Amino acid sequence: MAQKPSIPKGTRDFNPAEVAKRNYIFDKIRTEFKKFGFQPIETPSFENSDTLMGKYGEEGDRLIFKILNSGDFLKKANSQAYETKDSLKITPSISEKALRYDLTVPFARYVVQHQNEIDFPFKRYQIQPVWRADRPQKGRFREFFQCDADVVGSKSKWQEVEFIQLYDAVFSALKLKEVSIKINNRKVLSGFAEVIGEKDKIIDFTIALDKLDKIGEEGVIQEMLTKGISENAIKRIQPIFNLKGNFTEKIAGIKEILRDSEIGKEGIKELEFVERAIAEIPLKTATLDLDVTLARGLNYYTGAIFEVSAPKNVKMGSIGGGGRYDDLTGIFGLKDMSGVGISFGLDRIYLVLEELNLFPEAVTHNTKALFINFGDQEALYALKAVNRLRAENIIAELFPDDTKMKKQMNYANKREIPFVILAGDKEIQAEEFTLKNMKSGEQQQVDFAELVKFLS
RNA sequence: GUGGUUGUAGCUCAGCUGGUUAGAGCGCCGGAUUGUGGUUCCGGAGGUCGCCGGUUCGAACCCGGUCUUCCACCCCA
């Protein structure tokens, strides 16, 4: 070992069992995406920096992986920024490309660029990795997969209803219970800011509010005060810190507060619309919860905001999120294109399923039967059978080397291959096979037709 | 980006206030068992103690740096 190899911080290798489990999740998500009528697209792993920079806020810019220009990039570098060691300033002059940070902005770019070939409303899904230069933690990686479904070109609130149904469908398919789909509306948050006369501080206000379940009422108030929101203002919206009850009861609670805010009332109307529809078409396993403190989201959400939390007993951040953005494509020059979408965090869902032991046993098992290799003549006989089994869609393989049987059996055992097939002189003579069940240890001599029957 | 934390065999971990040749379990390889795996028994291989430097007669152990892990903040899937 000359040098211990390693992979970059926050990235991972996946072994066959892990890939199988990941694919299991991918399959379920993809199946539901298709069932709901979404169509797949893919975009490059890296984009022009201009496409990404400035779309996720200051924090986001910092977390975008920049790609160094090729060639003698220092020659073209901003020399003034180089002299003063100003990293922020020098970056655009030495890096023109950046790794995809999420799937929504590239999608917006895609829509604008291909607007003339797209039939609106356009429902697309996209399952690809994204990269963030974040400091890794549990459930937080520098390379991870997002599974997004979005609709652009429709303002209909039925889409919000559909996405909630889609969340429910996926988590039902994954047999993941007690998932909570939290919903809020940006207009309600705007209403709050308006009512307390701090409209220009809406970002600070919502960020502080979002931390309610983490730092508590006291903490939130403290943070709001330090952000310059007046004590009086805070008093006026204090009731929202203690909203109790079901969806309808919470709505009633904020109606009072937002009585004088047009935008706030609009938000309430939208929430009520969604709630009523879901009441008529009940969810299978997930629950829909109103959370007026939910402020997640990139600054482009304008209407509904979604966040999906894992079951309470699992310590994991959100496993999905989404919302409506009325003007996402506007930044790329296409006005009036409302979009709404959701995202599934594949890697986090994986950790949750793993922790709750929800992966089906069969996911990792592949090869059904292994033929023991007794030598060239026998191997040829075996390989012929392997070929015929494959034609029957049965996964079979021949052990490549003519080694000791113990070794070959051991291999089958470790790989958890359920059947081993032995074919030596006497089987070849009879044109049969000895089929051994590795679990029970039983074995019997059968012809090919019976072999197929046992292995299908 | 800020603060903390972790790193010893393939894996999980021992290793005393610094003191000769760094241990265990599991796994791996070989044999008992040349057409029968899982169990048992016997034997064996495998470690620049994350990396670089410093202190010391002497460093896995102390100090500094760096990388990595996990955690909190920030933010998020």
Side-chain angles (χ1 to χ4, degrees), chain A residues 1-12 15 25 29 56-64 87-88 100-104 127-148 203 207-208 210-211 214-215 219 223 294-299 306-310 315-322 341-352 370-375 378 399 402-428 433-443 445:
Chain A
M1 214 175 352
Q3 164 196 17
K4 255 190 188 163
S6 64
I7 54 174
K9 185 203 292 225
T11 64
R12 295 144 305 151
N15 66 33
I25 303 173
I29 293 175
Y56 310 100
E58 208 177 304
E59 180 74 6
D61 282 358
R62 211 195 74 216
L63 297 177
I64 291 172
S87 307
L88 223 56
R100 190 201 290 135
Y101 177 86
D102 74 352
L103 300 178
T104 308
I127 299 177
Q128 290 190 280
V130 302
W131 294 269
R132 294 183 187 178
D134 215 346
R135 198 174 280 201
Q137 285 182 33
K138 183 177 192 173
R140 171 180 279 188
F141 308 99
R142 291 185 139 184
E143 177 182 60
F144 61 97
F145 267 81
Q146 286 193 331
C147 314
D148 277 30
I203 298 284
I207 287 177
D210 187 49
K211 293 178 189 164
K214 210 168 185 178
I215 59 178
E223 178 158 340
L294 179 65
R296 295 261 151 183
L298 313 158
N299 25 21
F306 302 114
E307 177 175 294
V308 182
S309 329
K315 207 168 163 270
M316 180 64 61
S318 58
I319 56 177
I342 59 173
S343 179
F344 291 81
L346 179 278
D347 302 81
R348 287 188 176 176
I349 292 172
Y350 180 101
L351 292 171
V352 170
L370 177 78
F371 282 77
I372 299 292
N373 191 327
F374 287 117
E378 294 88 342
F399 194 88
D402 163 21
T403 56
K404 274 185 211 148
M405 218 173 139
K406 181 187 170 103
K407 193 166 182 163
Q408 301 190 39
M409 295 293 279
N410 221 305
Y411 179 79
N413 202 41
K414 293 226 183 84
R415 279 189 53 196
E416 297 185 300
I417 297 171
F419 294 97
V420 158
I421 297 165
L422 301 91
D425 286 343
K426 77 175 181 244
E427 285 91 349
I428 293 175
F433 307 87
T434 294
L435 178 69
K436 180 180 173 86
N437 180 323
M438 290 300 277
K439 207 160 201 171
S440 66
E442 287 165 15
Q443 57 187 60
Q445 200 164 322

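What you are looking at is a predicted structure, and each value in this text was computed from that prediction instead of being measured. Convention: sequence-line order gives letters A, B, ...; per-chain numbering from 1. Only this structure's heavy atoms are used, side chains among them; waters, hydrogens and symmetry mates stay out.
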Could you state the atom-to-atom distance from [atom1] of [X] to [atom2] of [N] in whole Å?
| X | N | atom1 | atom2 | value |
| --- | --- | --- | --- | --- |
| A:Phe399 | B:G37 | CZ | C1' | 12 Å |
| A:Leu103 | B:A77 | CG | C1' | 10 Å |
| A:Met316 | B:C75 | CE | C1' | 16 Å |
| A:Leu370 | B:U36 | CG | P | 16 Å |
| A:Phe371 | B:G37 | CZ | C1' | 18 Å |
| A:Gln137 | B:U5 | CD | C1' | 12 Å |
| A:Ile29 | B:A77 | CD1 | C1' | 11 Å |
| A:Asn413 | B:U36 | CG | P | 15 Å |

Which whole number of Å gives the distance between the [atom1] atom of [N] and that of [M]?
| N | M | atom1 | result |
| --- | --- | --- | --- |
| B:A60 | B:G19 | C1' | 13 Å |
| B:A45 | B:U2 | P | 48 Å |
| B:C62 | B:G18 | C1' | 8 Å |
| B:G30 | B:U21 | P | 33 Å |
| B:U8 | B:U48 | C1' | 13 Å |
| B:G7 | B:C61 | C1' | 14 Å |
| B:G53 | B:G58 | P | 16 Å |
| B:C49 | B:U20 | P | 15 Å |

Just to be sure I understand the rule, does [X] reach a base, reach only the sugar-phosphate, or reach nothing, if contact means heavy atoms closer than 4.0 Å?
| X | answer |
| --- | --- |
| A:Phe344 | nothing |
| A:Glu427 | base |
| A:Gly441 | base |
| A:Ile207 | sugar-phosphate |
| A:Gly320 | sugar-phosphate |
| A:Gly10 | sugar-phosphate |
| A:Asp425 | base |
| A:Leu422 | base |
| A:Lys211 | sugar-phosphate |

Quick one: look up who [N] pairs with, Watson-Crick or G-U, both distances under 3.5 Å, and put none if it's unpaired.
| N | result |
| --- | --- |
| B:C26 | B:G10 |
| B:C62 | B:G54 |
| B:C16 | none |

Side chain of [X]: nearest nucleotide among [options]?
| X | options | result |
| --- | --- | --- |
| A:Lys406 | B:G38, B:U36, B:A72 | B:G38 |
| A:Arg348 | B:U36, B:A77, B:C75 | B:A77 |
| A:Arg132 | B:G35, B:C74, B:A77 | B:A77 |
| A:Lys9 | B:A77, B:U69, B:U36 | B:U69 |

Working to the nearest 0.5 Å, report the span between CD1 of A:Ile29 and CD1 of A:Ile127.
-> 6.0 Å
Determine the sole option in A:Met405, A:Met409, A:Gln445, A:Gln408 for which the side-chain contact (heavy atoms from CB on, under 4.5 Å) test with A:Leu422 is passed.
-> A:Met405
Taking A:Tyr56 as the fixed residue, which of A:Asp102, A:Thr104, A:Leu63 is the one that meets the side-chain contact (heavy atoms from CB on, under 4.5 Å) rule?
->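 Looking at A:Asp102, A:Thr104, A:Leu63, the match for A:Tyr56 under the side-chain contact (heavy atoms from CB on, under 4.5 Å) is A:Asp102.
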B:A77 base stacked by A:Phe144? Criteria: ring centres under 5.5 Å, plane angle under 30°.
->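 Yes; centroid distance and tilt both under limits.
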Is there a donor on the side chain of [X] or the base of [N] sitting less than 3.5 Å from an acceptor on the other?
| X | N | result |
| --- | --- | --- |
| A:Lys404 | B:U34 | no |
| A:Arg135 | B:U2 | yes |
| A:Asn410 | B:G37 | no |

At under 4.0 Å, does any side-chain N or O of [X] touch on OP1 or OP2 of [N]?
| X | N | result |
| --- | --- | --- |
| A:Gln408 | B:G37 | no |
| A:Lys414 | B:G27 | no |
| A:Lys138 | B:C70 | no |
| A:Lys214 | B:C73 | yes |

Of A:Asp134 and A:Arg62, whose closest RNA chain B nucleotide lies nearer the 5' terminus?
->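 On the 5' side of the pair lies A:Arg62.
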Assign each of A:Ser343 and A:Pro136 the nucleotide of RNA chain B bearing its closest heavy atom; nearer the 5' end lies the nucleotide of A:Pro136
Quick one: are the ring centres of A:Phe399 and A:Tyr411 less than 6.0 Å apart?
->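 Yes: the rings meet the under 6.0 Å criterion.
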Indicate yes or no: does A:Asp347 engage A:Arg140 in a salt bridge with an N to O separation below 4.0 Å.
-> no
Answer yes or no: is there a donor N or O on one side and an acceptor on the other, between the side chain of A:Arg348 and the main chain of A:Ser318, under 3.5 Å?
->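 It does hold such a pair.
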Determine the minimum heavy-atom distance between A:Ile319 and A:Val352, stating which atoms define it.
-> CG2-CG2, 4.1 Å
Of the non-hydrogen atoms in A:Glu143 and A:Arg12, which two are nearest, and what is the gap between them?
-> O-NH2, 3.1 Å
Please test A:Glu223 against A:Ile207 for side chain to side chain contact (heavy atoms under 4.5 Å, CB included), starting from the C-alpha separation and ending with a verdict.
-> CA-CA 9 Å; A:Glu223 178 158 340; A:Ile207 287 177; 4.2 Å; yes
